[in-house]
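The structure appears below as structure tokens.
Reckoned from all heavy atoms, side chains included, excluding hydrogens, waters and symmetry mates. Quick note on labels: first sequence line is chain A, next is B, and so on, each numbered from 1.
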Amino acid sequence: MTEQNTPATEPAEDLPEQMRVRRAKRDRMLAEGVQPYPVTVPRTISLAQIREQYAELPTDTATGDQVSVTGRVIFIRSGGKLCFVTLREGDGTELQAMLSLDRVGAERLEEWKRLVDLGDLVAVTGEVITSRRGELSVLADSWSMSAKALRPLPVAHKPLSEETRVRQRYVDLIVRPQARDTVRTRATVVRSLRESLFRRNYLEVETPMLQLLHGGATARPFVTHSNALDTDLYLRIAPELFLKRAVVGGIDRVFEINRNFRNEGMDSTHSPEFAMLEAYQAYADYNVMQVQTREWIQEAAQAVAGSHVVTHHDGTEVDLGGEWNQITLFGAISEALGEEVTIETDLAQLQRYAEKVQLGVDPKWSAGKLAEELFEHLVQHTLQAPTFVRDYPEQTAPLTAPHRETPGLTEKWDLYVGGFELATAYSELVDPVVQRERLHAQSLLAAGGDAEAMQLDEDFLRAMEYGMPPSGGMGMGIDRLLMALTGLGIRETILFPLVRPE
RNA sequence: GGGCCGCUAGCUCAAUGGCAGAGCUGAGGACUUUUAAUCCUUAGGUUCAGGGUUCGAGUCCCUGGCGGCCCA
């Protein structure tokens, strides 16, 4: 504590002992003319390649093969004249290195014991061997520091608290292999979706995230400001209105995978920024999108698990194979209530049903909105196996085409898996006059203070007036797809989720 | 938004209102075949923050912060 062995720029007395010790080791290296953070270190082969090439090497064998390897120190077992260390590489592969007095010499062995801590990144050059216990190892002739860690690693064999996992994902990634697996799984899923859509001749585009008007969904937007335009801008809540402009222009199969932003609650299924796939296909409808969506998810499952049966992190298996259940919104409500409910059922009757099942009712709700609330209250959580819920009331789906058989309904489905909504699709409303009426009604709500209502996007309506082909459109939450495939919470599927300031 | 639970050493956790502890990690020492090595010695604390009750508060009360679970 009285030693002045840390640089003056560091408030030494504020640091825990273990961090002071590591800083002191760094300083000692510098004082001895050794780089604690060299620009390069020798590396001729990955740990994974060694494991692959020497998989069959028998116990206590010397190969004569010289290699240089790198990795993070995750276990140290040091003896007087022989030290063992377990190195781990980015892909999770671990390999043992051995440093013996007769190979590296007394001086370098002492420096190893003096300078190397758990968590450091080191490079080791030596011979590939197996130990007397049969452990594949690099028997060092020399070693060097790749990067000195100034903070101690958390205990490797106790789980990190959930909060630390999220706030310090880099630590989570270092100590928990599953955290790294999740990153890989997500990349695999996104790549699979892209390939699935490319195979069906969809084009990938990027549409504006900064928008003058927010639309395409009902949600509260984030507001930001453009100095150049001296105007407020919205972070998009959905790419829908721009993707439809693309379809108007003749991009007949189009999709985007990117972030949307919604200024709403944060919980185990909602993140303020979330990744979404949105896809449109001209001359298709919600039935076509239903088949494709199932195929894309099944192809993603295949990419991740090699099968349509995915295994969640808690070991439960979820079968996403075959055809999926299909029910109608009103059919599901009727079954749950034991009463016949249709689009014709009036608001007063629905309110009586709501009271019967102890659902709180907002007097501003339309009959359609109340029907949806009844569904969410009674049915949603029961839909564990993948289920398409079809045919929603017009009042709650302003951008959806009227149902071709039943007046008052629209051609929209929601896909539920594991009790939450994973995707939605419409036969798109392409009549510009009706579209204008619907958006005008929305804009009146917005002007009246409903922060979730859409604003009137005249440019979008102008585009529609040039004629949009009859189309199917779908949207799916990427984070939620990961949740469905892995069983993880949304904050585990997002690498760096938004957290409250510390 | 409401209810409940939690926040203590670098990490994971203990501690009837009565001396703040353990394991791992760290430091010093022993060990040339270890696998979360082992053995000996030892250091480490603004108990989330701020008030209050009390002779005495990690513990009880209040306010706030952060997190988790359940409900809306």
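Using a cut-off of 4.0 Å between Lys/Arg side-chain N and Asp/Glu carboxylate O, A:Glu135 and A:Arg51 are scored as salt-bridged. A salt bridge links A:Glu32 with A:Arg114: the closest approach of a Lys/Arg side-chain nitrogen to an acidic carboxylate oxygen falls below 4.0 angstrom.
Note: A:Phe375 and A:Tyr416 meet the aromatic proximity criterion, with ring centroids under 6.0 Å apart.
Only the C1' atoms considered, B:U42 is 36 Å distant from B:C55, to the nearest whole Å. The C1' atoms of B:A49 and B:A43 are separated by 28 Å, rounded to the nearest whole Å. Taking the P atoms as reference points, B:U63 lies 12 Å from B:G2, given to the whole Å. Taking the P atoms as reference points, B:A22 lies 42 Å from B:G1, given to the whole Å. When the C1' atom is compared between B:U59 and B:A14, the two are found 13 Å apart, to the nearest whole Å. Nucleotides B:G56 and B:G45 have their P atoms positioned 26 Å apart, rounded to a whole Å. To the nearest whole angstrom, the two P atoms, one in B:U53 and one in B:A15, are 28 Å apart. Here, B:G3 and B:A9 have their P atoms 29 Å apart, quoted to the whole Å.
Across the protein-nucleic acid pair, A:Arg20 atom CZ and B:A9 atom C1' stand 13 Å apart, rounded to whole Å. Summarising the geometry, the separation between CZ on A:Arg22 and P on B:U25 is reported as 12 Å, rounded to the nearest angstrom. The CD-C1' distance, from A:Glu162 to B:C66, rounds to 14 Å in whole Å. Look at CD on A:Glu264: it is 15 Å from C1' on B:G1, rounded to the nearest Å. If you take CG of A:Leu150 and P of B:G10, they are 16 Å apart, rounded to a whole angstrom. Here B:G67 presents its C1' atom at 14 Å from CD of A:Glu492, a figure rounded to the nearest Å. The interatomic distance linking A:Arg114 (CZ) with B:G28 (P) rounds to 10 Å, in whole Å. For the pair A:Glu135 CD and B:A37 P, the computed distance is 12 Å after rounding to whole Å.
When the shell of 6.0 Å around CD of A:Glu335 is examined, it contains 12 or fewer heavy atoms from other residues, nucleotides or ligands.
In the model, A:Gln96 has a side-chain atom that pairs as donor or acceptor with a side-chain atom of A:Arg77 under 3.5 Å. Side-chain atoms of A:Thr396 and A:Glu372 include a donor-acceptor pair closer than 3.5 Å. There is no side-chain donor-acceptor pair under 3.5 Å between A:Thr188 and A:Thr185. No side-chain donor from either of A:Arg43 and A:Ser68 sits under 3.5 Å from a side-chain acceptor of the other.
When side chains are defined from C-beta on, A:Tyr426 counts as touching A:Glu240, because their heavy atoms get closer than 4.5 Å.
The side chain of A:Ser131 lies closest to B:U33 when the candidates are B:G26, B:C11, B:U33. For A:Leu82, whose side chain is taken as the heavy atoms from C-beta onward, the closest listed nucleotide among B:G26, B:C11, B:U33 is B:U33. Nearest nucleotide to the side chain of A:Arg132, out of B:U33, B:A37, B:G10: B:U33. Listed nucleotides: B:A37, B:A72, B:U12. Nearest to the side chain of A:Phe75: B:A37. The side chain of A:Gln18 has B:G10 as its nearest neighbour among B:G68, B:U33, B:G10. Proximity note for A:Leu118 (side chain, C-beta onward) versus B:G26, B:A72, B:U32: the nearest is B:G26. With distances taken from any side-chain atom of A:Lys25 to the nucleotides B:A27, B:U12, B:G68, the minimum falls on B:A27. Distance from the side chain of A:Val155 is smallest for B:G10 among the nucleotides B:U12, B:U33, B:G10. Listed nucleotides B:G10, B:U33, B:U12 differ in distance to A:Thr164; the shortest reach to its side chain belongs to B:U12.
For B:U12, one of the phosphate oxygens OP1 or OP2 lies less than 4.0 angstrom from a side-chain nitrogen or oxygen of A:Ser161. Residue A:Arg491 has a polar side-chain atom (N or O) positioned under 4.0 Å from OP1 or OP2 of B:G68. Checking the phosphate oxygens (OP1, OP2) of B:G67, a side-chain nitrogen or oxygen of A:Arg167 falls inside 4.0 Å.
B:G21 is paired with B:C13 under the Watson-Crick or G-U wobble criterion, all donor-acceptor distances under 3.5 Å. In a base pair of the Watson-Crick type (N1 to N3 plus N6-O4 or O6-N4) or a G-U wobble (N1-O2 and O6-N3), with each distance short of 3.5 Å, B:G1 is matched with B:C71. Remark: B:A36 base-pairs with no nucleotide in the shown strands. Criterion, Watson-Crick or G-U wobble with two distances under 3.5 Å. Summarising the base pairing, B:C66 is matched to B:G6 through a Watson-Crick or G-U wobble pair whose two defining distances lie under 3.5 Å. In a base pair of the Watson-Crick type (N1 to N3 plus N6-O4 or O6-N4) or a G-U wobble (N1-O2 and O6-N3), with each distance short of 3.5 Å, B:U59 is matched with no nucleotide. Checking B:U42 for Watson-Crick or G-U wobble geometry (two distances, each under 3.5 Å) identifies B:G26 as its partner.
Across all strands shown, A:Asp60 has no heavy atoms under 4.0 Å from either base or sugar-phosphate atoms. Across all strands shown, A:Lys113 has no heavy atoms under 4.0 Å from either base or sugar-phosphate atoms. Residue contacts shown for A:Ser78 include a base, since a base heavy atom lies under 4.0 Å away. Using a 4.0 Å heavy-atom distance criterion, A:Leu153 is classed as making no nucleic acid contact.
Side-chain to base pairing of A:Glu17 with B:G44: no donor and acceptor N or O lie closer than 3.5 Å to each other.
Nucleotides of RNA chain B nearest to A:Gly134 and A:Ser100 differ in position, and the one nearer the 5' end is that of A:Ser100. In this structure, A:Val21 and A:His377 both approach RNA chain B, and ranking their closest nucleotides by distance from the 5' end singles out A:Val21.
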